[in-house]
Amino acid sequence: MRISSRRLGVYAVALAFAIVVNFILPRLMPGSPVDAMVAQLGPRATPAAVEAIKARFGAVDQPMLWQFADYLKGLVTLDLGVSVKYYPQTVVQVLGRSTLWTIFLVTTAIIFSLCVGVVLGAVSAWRRGGRFDTIVSPLSVIMISVPPVIVALTALFVFAVSLRWFPVGYAYDPNLDPAFNFTFAGSVFAHAILPVLTLSPFLIGEFQTTMRSSMISVLGEDYVTMGRAKGLSHRSVMFGYGARNAMLPVLTNLALMLGAVFGGSIVTEIVFNYPGLGLTLYTASIARDYPVIQGQLLLMTLATLGANFLVDIIYGLVDPRLREAA
């Protein structure tokens with residue numbers, strides 16, 4: 001599949017802009033990582049210790065242009081620096097640990113929401129105007145409109161604190177040692193239920209709305225009429241002929257929603273104290289941990305751009321008109 005040079009240029013400009021913004025934003029925040037680290041030491045912050053910290057993180061006192069040059073050098077060499085909050089761990093170590101939990105949480109929520117939303121959207125389109133559609137479609141709009149923080153806090157209070165059906169937070173029971181066994185896996189699953197269900201309403205609403213709209217357009221195509229004329233069952237026509245061909249806009253919407261998904265995961269992880277990228281970004285922001293903030297924002301940007309690039313390739317492979325335009 002060939003991608004046009006203009007399209008590649010758009011991705012390159014977007015990445016360059018993200019790199020510059022990623023460098024500038026943390027430095028607009030009040031305070032500095034050195035001040036935060038000295039505050040962590042407390043009474044142990046002797047003059048010698050303060051000087052050692054300044055020497056280790058001296059880049060914050062250099063001119064902005066020098067800092068940016070060091071920042072670019074670190075990106076090229078994959079050296080994102082050392083974390084202030086989790087010193088002496090590197091940024092790669094901190095983000096590597098957090099990324100696994102966020103990938104697990106977000107992927108589970110997306111797969112679950114995609115399955116539910118696509119089915120609801122397909123059935124709503126097939127029975128548009130009926131009782132099912134009049135209930136599900138407005139409900140989807142409501143789910144899209146409710147902020148994730150409200151869903152997270154409500155789920156935490158009702159199902160974890162009041163009813164005590166689920167754990168109140170973290171990724172697994174702190175009394176367990178991570179291991180490949182059913183006990184640890186069961187704990188991970190139990191702790192992930194509420195965070196996943198918190199992320200899902202917005203995704204389900206988006207998938208249902210997009211799928212319904214796309215499915216209505218597809219149902220008017222000749223091949224769907226032919227499937228009905230063949231005497232195939234409603235389920236075969238609905239999913240085999242209709243839903244399968246209405247999925248592309250849903251995939252596009254997923255790529256466009258990745259930023260919102262990451263934003264929702266940040267709130268969810270903070271509320272449930274889930275040790276993913278969201279909680280890491282929150283703690284790093286409080287500690288003025290510039291290296292971790294920059295590394296994580298860049299990682300999220302690359303994930304979003306990569307998803308959109310992948311969708312461009314998939315669209316080009318499926319739709320010959322886009323392939324010829326490229």
- Heavy-atom pair with the smallest gap, counting every atom of Ser124 and Leu120: OG-O, 2.7 Å
- Message: Test of understanding: with side-chain hydrogen bond (donor to acceptor under 3.5 Å, both in side chains), list the residues that count as partners of Ser140, not counting sequence neighbours.
- Response: Gln208
- Please identify each residue that fulfils side-chain hydrogen bond (donor to acceptor under 3.5 Å, both in side chains) with Arg97, with sequence neighbours left out. Gln89
- Message: I'd like to check Phe17 versus Thr301 (side-chain heavy atoms, cut-off strictly below 4.5 Å). Are they in contact?
- Response: no
- Query: Quick one: salt bridge (Lys or Arg N to Asp or Glu O under 4.0 Å) pairs with a partner in residues 146-159, sequence neighbours left out?
  - Reply: none
- Query: Residues two or more places apart in sequence or in another chain: which of them pass side chain to side chain contact (heavy atoms under 4.5 Å, CB included) with Leu299?
  - Reply: Thr99, Leu277
- Message: Starting from Val10, can I reach Val20 by hopping between I/L/V/M/F/W/Y residues whose side chains sit under 4.5 Å apart?
- Response: no
- Query: Minimum heavy-atom separation for Gly117 to Met211, with atom names?
  - Reply: O-CB, 4.4 Å
- Query: Can you name the residues that form a side chain to side chain contact (heavy atoms under 4.5 Å, CB included) with Ile144, not counting sequence neighbours?
  - Reply: Phe202, Glu206, Thr209
List the atom pairs, donor and acceptor, that lie under 3.5 Å between side-chain atoms in residues 193-200 and the rest of the protein, sequence neighbours left out.
residue: Thr198; atom: OG1; partner: Leu194; partner atom: O; Å: 2.8
residue: Ser200; atom: OG; partner: Ser113; partner atom: OG; Å: 3.3
residue: Ser200; atom: OG; partner: Val196; partner atom: O; Å: 2.7

- Query: Between Val267 and Tyr282, does a side-chain contact (heavy atoms from CB on, under 4.5 Å) hold up when you go through it step by step?
  - Reply: CA-CA 9 Å; Val267 173; Tyr282 174 72; over 6 Å; no
- Sequence neighbours excluded, every pair satisfying side-chain hydrogen bond (donor to acceptor under 3.5 Å, both in side chains) that has a member inside residues 114-123: none
- Can you sort out the partners of Thr283 under side-chain hydrogen bond (donor to acceptor under 3.5 Å, both in side chains), two or more places apart, ordered by chain and number? Tyr86
- Message: Using every non-hydrogen atom in the two residues, find where Val106 and Ser265 come nearest and quote the distance to one decimal.
- Response: CG2-CB, 4.0 Å
- Message: Restricting to non-hydrogen atoms, name the atom on Ala152 and the atom on Phe272 that form the minimum distance, rounded to 0.1 Å.
- Response: O-CZ, 3.8 Å
- Message: Does any part of the side chain of Leu203, heavy atoms only, come nearer than 4.5 Å to the side chain of Phe112, both counted from C-beta?
- Response: no
- Message: Taking side chain to side chain contact (heavy atoms under 4.5 Å, CB included) as the definition, give me every residue that meets it alongside Leu100, ordered by chain and number, with sequence neighbours left out.
- Response: none
- Got Val123 and Phe132 here, is their nearest side-chain heavy-atom distance under 4.5 Å? yes
- Message: Does any part of the side chain of Ile19, heavy atoms only, come nearer than 4.5 Å to the side chain of Leu72, both counted from C-beta?
- Response: yes
- Which residues pass the ring-ring contact (aromatic ring centres under 6.0 Å, His included) test with Phe68, sequence neighbours left out? Phe23
- Compare all side-chain heavy atoms of Thr280 with those of Glu269 and state whether any distance is below 4.5 angstrom. no
Report all side-chain donor-acceptor pairs from residues 157-169 shorter than 3.5 Å, counting only partners two or more places apart or in another chain.
residue: Ser162; atom: OG; partner: Phe157; partner atom: O; Å: 2.9

- Query: Backbone N or O of Leu95 within a donor-acceptor pair of the Ser98 side chain at under 3.5 Å?
  - Reply: no
- State yes or no: do Val188 and Ile111 share one hydrophobic cluster built from I, L, V, M, F, W and Y residues joined by side-chain heavy-atom distances below 4.5 Å, directly or via other members? no
- Message: Restricting to non-hydrogen atoms, name the atom on Gly276 and the atom on Trp101 that form the minimum distance, rounded to 0.1 Å.
- Response: CA-CB, 4.2 Å
- Task: Go through the structure and list residues passing side chain to side chain contact (heavy atoms under 4.5 Å, CB included) with Ser187, not counting sequence neighbours.
- Result: Tyr172, Asp173, Leu176, His191
- For residues Pro201 and Val151, report the shortest heavy-atom separation together with the two atoms involved. CG-CG1, 4.2 Å
